[in-house]
Amino acid sequence: MTPAQREALEAYEQHGSQRKAAAALGISKNALQDRLVRAKQWLDAPEGQKAAIEVSGLDIGAAKHGWRVIQHKDGSRDSVFWKADAQEQEDMIERIKAAFEDLPAAEPIPAPAHKAKDLLTLYLTADVHIGMLAWGPETGEDYDTKKATQRLINWLGQAVEASAPSETAIILDVGDLTHADDHKNQTPASKHVLDVDSRHYRTIDVTISTLVTAVKLALKKHKNVILRILPGNHNPESYVAIMFALYEHFRNEPRVTVEKQPGKYFTYQFGKNMICAHHGDGVKAERLVNFLADTYAPMWGQTQYRFLWTGHLHHHKSADIGGMQWEQLRALTAKDAYAVGHAYCARAQLQAVTYHKEKGEVGRVKVTA
């Protein structure tokens with residue numbers, strides 16, 4: 001650990017806030033965050049790795065791997081190769097948490113009256129792909145960050161207006177909320193090159209603001225709003241930044257619950273209803289149903305109506321699978337050049353589904369272009 005990193009750690013422990021610690025040291029908050037991340041890496045590193053780095057004079061962030069020579073008492077030697085643990089995601093989460101540490105909380109909004117306690121409305125958004133760029137002459141429809149966010153807010157607003165006045169609402173994004181996961185503008189797994197219209201930083205910023213507006217729209221009609229964002233194959237890591245930002249923004253609003261949970265699955269029990277979701281990438285619906293029945297057996301046994309929602313493939317499909325109704329959602333996004341080039345013809349859509357505690361699904365609203 002360098003003297004600057006140790007100084008940053010001691011200042012943070014003393015002041016209890018990154019903003020205050022940075023001010024006390026006369027450095028930017030970003031600089032303090034970087035030093036704290038490096039200090040944590042040092043504290044978590046094995047002793048052998050620390051010793052090797054100290055001899056080399058390198059910083060913990062720069063030293064990724066190396067050889068360490070072990071001198072035995074009998075004069076013999078052994079060489080040991082060491083490699084730092086991959087912890088980019090952990091570092092990203094720490095930075096995100098720090099970035100929103102001093103974020104102002106939303107002011108509580110008065111709850112509407114006369115809400116139906118036996119009803120729950122599920123607002124489903126799938127494959128919004130905020131940040132995607134499509135050129136109308138090539139794809140049949142222009143699409144960019146502005147159009148994506150306007151579509152999400154307008155369509156959700158129409159769904160809220162047309163849906164039942166249920167006491168509880170869930171806004172559930174089933175993955176690929178953003179088109180890209182980082183500035184590389186590639187799908188992380190397949191490295192498929194993506195058409196984007198803006199810098200990734202701006203895309204994240206606009207997406208957060210859009211979902212704040214979406215939650216406030218739902219609060220005008222529903223007493224309680226639950227927000228859950230699932231990762232997709234386009235955004236397996238960046239969804240975390242949006243999730244943490246919204247959690248901090250609504251931390252003082254008792255009517256809003258932002259589910260700050262890792263993982264690809266959403267499960268929720270409402271009376272006799274079991275409501276589940278997964279992005280749908282990498283696993284078939286039949287296997288998902290088997291997994292849910294096994295992993296969430298108590299919930300499965302307590303419910304009569306079971307629903308699984310997926311996205312990913314952008315077109316509608318549904319089936320009854322072993323006691324669960326599976327439905328693949330249409331995407332909100334317009335088609336990009338890749339989709340048109342492969343002759344995909346799905347229509348964009350947003351759905352709101354209302355459930356009764358004892359009767360299952362009792363209403364549905366569909367909003368399309």
Side-chain angles (χ1 to χ4, degrees), residues 18 28-38 40-41 60-62 64 84-101 103 125-134 143-149 152 173-212 227-249 258 260-264 278-282 311-312 314 331-334 336-339:
Q18 293 204 6
S28 70
K29 189 175 177 181
N30 287 339
L32 181 81
Q33 290 172 9
D34 184 72
R35 294 178 189 180
L36 288 176
V37 168
R38 298 292 182 241
K40 185 177 184 300
Q41 288 179 342
I60 184 71
K64 301 298 184 182
D85 293 333
Q87 55 180 1
E88 285 82 2
Q89 183 178 7
E90 180 181 345
D91 292 348
M92 180 188 70
I93 292 173
E94 289 298 323
R95 291 174 184 270
I96 291 168
K97 289 166 67 177
F100 299 118
E101 181 182 74
L103 185 72
T125 64
D127 299 280
V128 186
H129 288 273
I130 298 173
M132 188 190 90
L133 177 65
Y143 195 77
D144 53 25
T145 298
K146 182 178 180 180
K147 289 182 178 296
T149 54
L152 177 57
D173 182 81
V174 299
D176 285 357
L177 178 61
T178 57
H179 192 49
D181 200 44
D182 54 32
H183 67 281
K184 297 176 184 177
N185 301 328
Q186 297 177 337
T187 52
S190 65
K191 307 302 179 185
H192 173 70
V193 177
L194 303 171
D195 294 327
V196 300
D197 83 324
S198 183
R199 299 290 293 172
H200 186 63
Y201 185 99
R202 176 176 176 268
T203 300
I204 295 296
D205 184 44
V206 172
T207 303
I208 293 168
S209 299
T210 301
L211 287 185
V212 168
L227 175 66
R228 180 64 185 274
I229 305 170
L230 295 180
N233 60 303
H234 278 249
N235 64 338
E237 306 294 346
S238 62
Y239 84 102
V240 175
I242 300 166
M243 177 176 63
F244 271 93
L246 293 166
Y247 179 88
E248 291 300 325
H249 181 76
V258 178
K260 193 172 66 171
Q261 296 182 14
K264 295 185 175 184
H278 181 278
H279 182 56
D281 58 320
H312 183 51
H314 293 205
L332 262 77
T333 184
D336 64 358
Y338 179 87

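Just so it is clear, the structure is predicted and the values come from calculations on it, not from any experiment. We count residues from 1, following the sequence as given.
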Suppose we screen for side chain to side chain donor-acceptor pair (under 3.5 Å). Which residues come up paired with His278, at least two apart in sequence or across chains? none

Nearest 0.5 Å, what's the [atom1]-[atom2] distance between [X] and [Y]?
{"X": "Leu152", "Y": "Ile130", "atom1": "CG", "atom2": "CD1", "result": "6.0 Å"}
{"X": "Thr207", "Y": "His200", "atom1": "OG1", "atom2": "NE2", "result": "8.5 Å"}
{"X": "Leu211", "Y": "Leu246", "atom1": "CG", "atom2": "CG", "result": "5.5 Å"}
{"X": "Ser198", "Y": "Asn185", "atom1": "OG", "atom2": "CG", "result": "9.5 Å"}
{"X": "Tyr338", "Y": "Leu194", "atom1": "OH", "atom2": "CG", "result": "10.5 Å"}

Looking only at side-chain N and O atoms, does His234 offer a donor or acceptor that is under 3.5 Å from a partner on Asp181? no

Without hydrogens or angle criteria, can the side chains of Thr145 and Asp197 be said to hold a donor-acceptor pair below 3.5 Å? yes

Derivation of the side chain to side chain contact (heavy atoms under 4.5 Å, CB included) call for Met132 and Val196: CA-CA 5 Å; Met132 188 190 90; Val196 300; over 6 Å; no

Would you check if the side chain of [X] reaches a backbone N or O of [Y] as a donor-acceptor pair within less than 3.5 Å?
{"X": "Asn235", "Y": "Ser238", "result": "no"}
{"X": "Ser190", "Y": "Thr187", "result": "no"}
{"X": "His279", "Y": "Val174", "result": "yes"}
{"X": "Asp176", "Y": "His129", "result": "no"}

Could you give me the CA-CA distance, side-chain angles and deciding distance for His314 and Thr333, then say whether side chain to side chain contact (heavy atoms under 4.5 Å, CB included) is met? CA-CA 8 Å; His314 293 205; Thr333 184; 3.7 Å; yes

Minimum-distance pair of heavy atoms, taken over all atoms of [X] and [Y]:
{"X": "Ala337", "Y": "Asp195", "answer": "CB-OD2, 4.0 Å"}
{"X": "Ile208", "Y": "Ala241", "answer": "CD1-O, 4.5 Å"}
{"X": "Tyr239", "Y": "Gln261", "answer": "OH-O, 4.4 Å"}
{"X": "Val258", "Y": "Met243", "answer": "CG1-O, 3.9 Å"}
{"X": "Thr178", "Y": "Ala180", "answer": "OG1-O, 3.2 Å"}
{"X": "Ala331", "Y": "Asp127", "answer": "CB-CB, 3.5 Å"}

Testing Asp144, Val206, Thr203, Val128 for side-chain contact (heavy atoms from CB on, under 4.5 Å) with Thr149, which one passes? Val206

CA sep, side-chain torsions, deciding dist, call: His179, Leu133, side chain to side chain contact (heavy atoms under 4.5 Å, CB included): CA-CA 9 Å; His179 192 49; Leu133 177 65; over 6 Å; no

Check whether any side-chain heavy atom of Glu237 sits under 4.5 Å from a side-chain heavy atom of Pro188, and report yes or no. no

